[in-house]
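Structure first, then comments.
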Amino acid sequence: MASVDIASVQLLLARYVRCLDADALEEWPLLFTADGIYKVTSAENHARGLPMGLMYADSRGMLKDRVAALREANVYEGQRYRHILGPTIVDAENGGELSAETPFLVLRIMRDGETMMFASGRYLDRIVRGETAGELLFREKIVVCDSSRIDTLLALPL
Amino acid sequence: MASVDIASVQLLLARYVRCLDADALEEWPLLFTADGIYKVTSAENHARGLPMGLMYADSRGMLKDRVAALREANVYEGQRYRHILGPTIVDAENGGELSAETPFLVLRIMRDGETMMFASGRYLDRIVRGETAGELLFREKIVVCDSSRIDTLLALPL
Amino acid sequence: MASVDIASVQLLLARYVRCLDADALEEWPLLFTADGIYKVTSAENHARGLPMGLMYADSRGMLKDRVAALREANVYEGQRYRHILGPTIVDAENGGELSAETPFLVLRIMRDGETMMFASGRYLDRIVRGETAGELLFREKIVVCDSSRIDTLLALPL
């Protein structure tokens with residue numbers, strides 16, 4: 001990228017959390033490159049370089065499959081998420097690729113209205129330009145959860 | 001507006017949450033136009049287009065009346081709020097009016113120090129220029145709460 | 001400062017919370033001027049102008065001493081923090097010094113994965129230019145906690 005455009009990065013993140021929270025899950029894979037990587041891990045595993053067992057996809061197609069599975073399971077029927085983000089830091093920019101880190105927290109709101117703190121952590125993102133003018137996409141998104149208690153097996157993406 | 005100025009929108013939102021959290025409730029109505037609309041509803045009611053029962057005002061005068069009632073009830077004696085906002089997305093700009101969406105969460109801190117997650121959701125705002133140079137005001141603010149458990153009858157505005 | 005650069009202020013705050021949350025505590029004192037002041041107090045004490053009993057330092061050296069004590073106590077072994085910030089308001093700019101206010105919340109994640117809402121409040125910051133081009137530093141940071149229940153005696157800085 002010609003220069004670090006923090007506002008564009010923040011907009012990409014804003015669109016990311018909005019499609020997850022607004023039951024517009026089909027838009028979620030479209031924010032990744034075709035070969036985009038998406039991982040969910042814990043801080044402990046991430047620090048030790050251990051393989052992660054929570055969620056993994058290495059293409060937009062795998063993300064779409066996951067969306068289909070979540071639709072099949074009617075996961076939005078029972079719960080919603082609400083993401084709140086902390087301040088983004090752009091750490092590096094190499095050959096048109098940008099590395100950024102953003103803290104997050106996610107609330108889970110159950111159908112009966114009960115609200116709980118579901119997850120916290122940080123996004124480690126590698127971001128590139130898409131084909132449309134001004135569009136940014138995730139080439140890689142690693143979701144590092146603070147707690148190892150997270151169970152995302154049948155839950156929405158973080 | 002000549003162009004979308006996201007920083008000005010964020011400043012309006014920052015001032016909005018600060019006056020609520022800092023016991024400067026009298027400043028709250030001044031952030032709306034004279035015919036400003038303020039609604040609090042639940043995600044479920046909003047999605048179904050149902051009338052909302054939580055809070056409603058359609059003028060700055062009604063907002064001032066509400067402030068007077070809250071002062072009468074000494075509502076700040078017993079509790080405080082703390083708003084934290086997610087990333088703002090400006091969705092549209094039509095004829096000098098701007099539509100923006102911002103996720104929020106609100107903590108409630110009771111007099112004895114107990115802190116609870118009170119509410120989460122998103123602000124759907126229609127924003128226009130005020131008469132003072134650079135000033136922005138809410139023409140409409142719809143507070144869509146994730147949970148339907150919210151009871152704001154005798155509480156501070158969200 | 002020549003002009004209010006809100007993006008630089010947000011970056012300073014982002015770096016501040018990152019070093020605390022990422023176990024990079026040694027970087028924390030470096031974000032203050034040599035005569036930097038750091039205080040943690042409660043909203044009630046702050047409003048009354050009462051002396052604060054939670055944490056106090058009036059130099060970078062005292063902050064470094066505190067870091068050494070926290071390392072001695074292995075405080076990161078047992079817990080981590082996650083800071084999420086609300087929107088920053090720059091209130092004034094006088095003689096190269098900038099006053100800013102930023103809401104915060106802090107989650108505490110225990111070693112066993114339990115996550116709790118630990119603290120909320122607002123940062124009252126006085127910010128100046130450092131010696132490196134573009135660098136900003138805290139000349140004073142007052143952490144005003146909403147609740148008076150906070151016990152930071154053996155905990156990480158807020």
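Lettering follows sequence order; numbering is per chain, from 1.
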Q.
With chain C as the partner, which of A/Asp91, A/Thr88, A/Leu85 has the greatest number of non-hydrogen pairs under 4.5 Å?
A. A/Asp91
Q | pair C/Asp21-A/Asp146: side-chain heavy atoms closer than 4.5 Å | A | no
**Q.** Spacing of CE belonging to C/Met117 relative to CE belonging to A/Met117, to within rounding of 0.5 Å
**A.** 3.5 Å
Q. Looking at C/Glu114, C/Arg15, C/Gln10, which one has more heavy-atom pairs under 4.5 Å with chain A than the rest?
A. C/Glu114
Q: Could you point out which residue of C/Val17, C/Leu13, C/Ile84, C/Thr102 forms a side chain to side chain contact (heavy atoms under 4.5 Å, CB included) with A/Pro87?
A: C/Val17
Q: Can you tell which part of C/Met116 gets under 4.5 Å to a heavy atom of chain A, answering side chain, backbone, both or neither?
A: neither
Q: Evaluate side-chain contact (heavy atoms from CB on, under 4.5 Å) for A/Leu105 paired with C/Leu105, printing each intermediate quantity in order.
A: CA-CA 11 Å; A/Leu105 72 79; C/Leu105 72 79; 3.9 Å; yes
Q: Below 4.5 Å from any heavy atom of chain C, which atoms of A/Glu44 appear? Answer side chain, backbone, both or neither.
A: neither
Q: Mind checking the CD1-OG spacing from C/Ile109 to A/Ser42? Nearest 0.5 Å is all I need.
A: 12.0 Å
Q: Please look at C/Arg18 and chain A and tell me whether the side chain, the backbone, both or neither of the residue comes under 4.5 angstrom of a heavy atom of that chain.
A: side chain
**Q.** Minimal non-hydrogen separation, A/Gly121 against C/Arg82, with atom names
**A.** O-NE, 3.3 Å
Q) Is C/Arg111 atom CZ crowded by more than 12 heavy atoms from other residues, nucleotides or ligands, each under 6.0 Å away? A) no
Q. Which atoms of C/Asp112 come close to chain A, meaning under 4.5 Å heavy atom to heavy atom: side chain ones, backbone ones, both, or neither?
A. both
